[in-house]
Chemist: 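I have a structure here, written as structure tokens, and I will follow up with some questions on it.
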Amino acid sequence: MSIEQAPYKENREKSLAGIEAYTKEKMPDLDMRYEEVSFVYKEEDKVLGRIVGHVHWDHLSVELFYIEANTRGKGIGTKLLEEVEKIALEKHCKYAFLETMSFNAPVFYQKNGYNILAQIENSPAEGETRYFMKKVLYIE
């Protein structure tokens, strides 16, 4: 018996394939889609904001979201978030999910309809909070 370090990308892909096969066996009617979403916000050929995520099963997961510091507070983040949520709605996602930190923008997400599902105090550093947030996109 041994436990060995494995190359991340290969191990992740094989782990995901195994989990997906198991899930399909247990829930054969579940939509097994996994679709990447990725947008940039540009003005005069300059990228001012970026958002990356994926649609999986019944939800949108926002993975990475960045707005250039000198353009924050000007509505760019809201426009990008609305764009990926629009795609999620077109794909019949029920909710959007994301993770953020107290030093990032939890209030921004709350203003855009996200609710805190859970939080971890003193993470990633003493005095900071990690938030897990959800926005209901539609109810069947």
Chemist: Just checking Y138: does its OH atom have more than 12 heavy atoms from other residues, nucleotides or ligands closer to it than 6.0 angstrom?
Modeler: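 Yes, OH of Y138 has more than 12 neighbouring heavy atoms, counting only those of other groups under 6.0 Å.
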Chemist: Would you give the length of the straight line joining atom CD of E25 to atom CG of L30, rounded to the nearest 0.5 angstrom?
Modeler: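 Answer for the CD-CG pair, E25 versus L30, is 13.5 Å.
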Chemist: Determine whether I76 and Y109 fall in the same hydrophobic cluster, where Ile, Leu, Val, Met, Phe, Trp and Tyr are linked whenever their side-chain heavy atoms lie under 4.5 Å apart.
Modeler: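 Same cluster.
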Chemist: For V55 and C93, work out which heavy atoms get closest and say how close.
Modeler: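 Looking at all heavy atoms of both residues, the shortest contact is CG1-SG, 3.5 Å.
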Chemist: For the residue pair V84 and F39, establish whether any side-chain heavy-atom pair is separated by less than 4.5 Å.
Modeler: yes
Chemist: Are any non-hydrogen side-chain atoms of T100 and M133 less than 4.5 angstrom apart?
Modeler: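 When only atoms from C-beta onward are counted, M133 and T100 do touch, with a gap below 4.5 Å.
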Chemist: Any heavy-atom pair between the side chains of Q110 and I116 that's under 4.5 Å?
Modeler: yes
Chemist: Which heavy atom of N122 sits nearest to which heavy atom of G127, and what is that distance?
Modeler: OD1-N, 2.9 Å
Chemist: Classify the ring geometry of Y95 against H59: parallel below 30°, tilted from 30° to 60°, perpendicular beyond 60°.
Modeler: parallel
Chemist: Would you indicate whether the side-chain heavy atoms of E82 and L80 approach each other to under 4.5 Å?
Modeler: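 SC-SC contact between L80 and E82 ruled out.
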Chemist: Is the terminal nitrogen or CZ of K134 (NZ for Lys, CZ for Arg) located under 6.0 angstrom from the six-membered ring centre of F97 and within 45° of that ring's axis?
Modeler: no
Chemist: Side chain of K24, backbone of P28: donor and acceptor closer than 3.5 Å?
Modeler: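 Checking the backbone N and O of P28 against the side chain of K24, a donor-acceptor pair under 3.5 Å is found.
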Chemist: Please check if the side chain of R50 supplies one atom and the backbone of V40 the other of a donor-acceptor pair under 3.5 Å.
Modeler: no
Chemist: Would you find more than 12 non-hydrogen atoms of other residues, nucleotides or ligands less than 6.0 Å from M32 atom CE?
Modeler: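 More than 12 within 6.0 Å, yes.
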Chemist: Compute whether any side-chain donor of one residue and acceptor of the other, for H54 and E35, lie under 3.5 angstrom apart.
Modeler: no
Chemist: In the structure I gave you, are the side-chain heavy atoms of R130 and Q119 within less than 4.5 Å of one another anywhere?
Modeler: no
Chemist: Grouping I, L, V, M, F, W and Y whenever their side-chain heavy atoms are under 4.5 Å apart, do Y66 and V47 come out in a common cluster?
Modeler: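 Each belongs to a different hydrophobic cluster.
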Chemist: Pick one: which of V37, L89, L98, I87 meets side-chain contact (heavy atoms from CB on, under 4.5 Å) with L60?
Modeler: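 Only one option passes, and that is V37.
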Chemist: With a 4.5 Å limit on heavy-atom distance, are the side chains of N112 and T78 in contact?
Modeler: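 Yes, their side chains come closer than 4.5 Å.
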Chemist: Ignoring hydrogens and angles, state whether a donor on the side chain of Y41 or E43 is under 3.5 Å from an acceptor on the partner side chain.
Modeler: yes
Chemist: Quick one: which of K91, K79, K135, K94 gives a salt bridge (Lys or Arg N to Asp or Glu O under 4.0 Å) with E85?
Modeler: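 Per the salt bridge (Lys or Arg N to Asp or Glu O under 4.0 Å) rule, the option paired with E85 is K135, out of K91, K79, K135, K94.
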Chemist: For the residue pair I120 and Y131, establish whether any side-chain heavy-atom pair is separated by less than 4.5 Å.
Modeler: no
Chemist: Rounded to the nearest 0.5 Å, how far does OH of Y34 lie from OG of S61?
Modeler: 7.5 Å
Chemist: Is the number of heavy atoms from other residues, nucleotides or ligands within 6.0 Å of CD (E36) greater than 12?
Modeler: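 No, not enclosed.
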Chemist: What distance separates R33 CZ from H56 NE2, expressed to the nearest 0.5 Å?
Modeler: 10.0 Å
Chemist: Distance only, no hydrogens: is a donor on one side chain within 3.5 Å (strictly under) of an acceptor on the other, for E128 and S102?
Modeler: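 Result is yes, a qualifying pair exists.
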Chemist: For a 4.5 angstrom cut-off between non-hydrogen side-chain atoms, does F108 reach R72?
Modeler: no
Chemist: Taking atom CD of E90 and atom NE2 of H92, what is their separation to the nearest 0.5 Å?
Modeler: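 Taking CD in E90 and NE2 in H92, the distance rounds to 9.0 Å.
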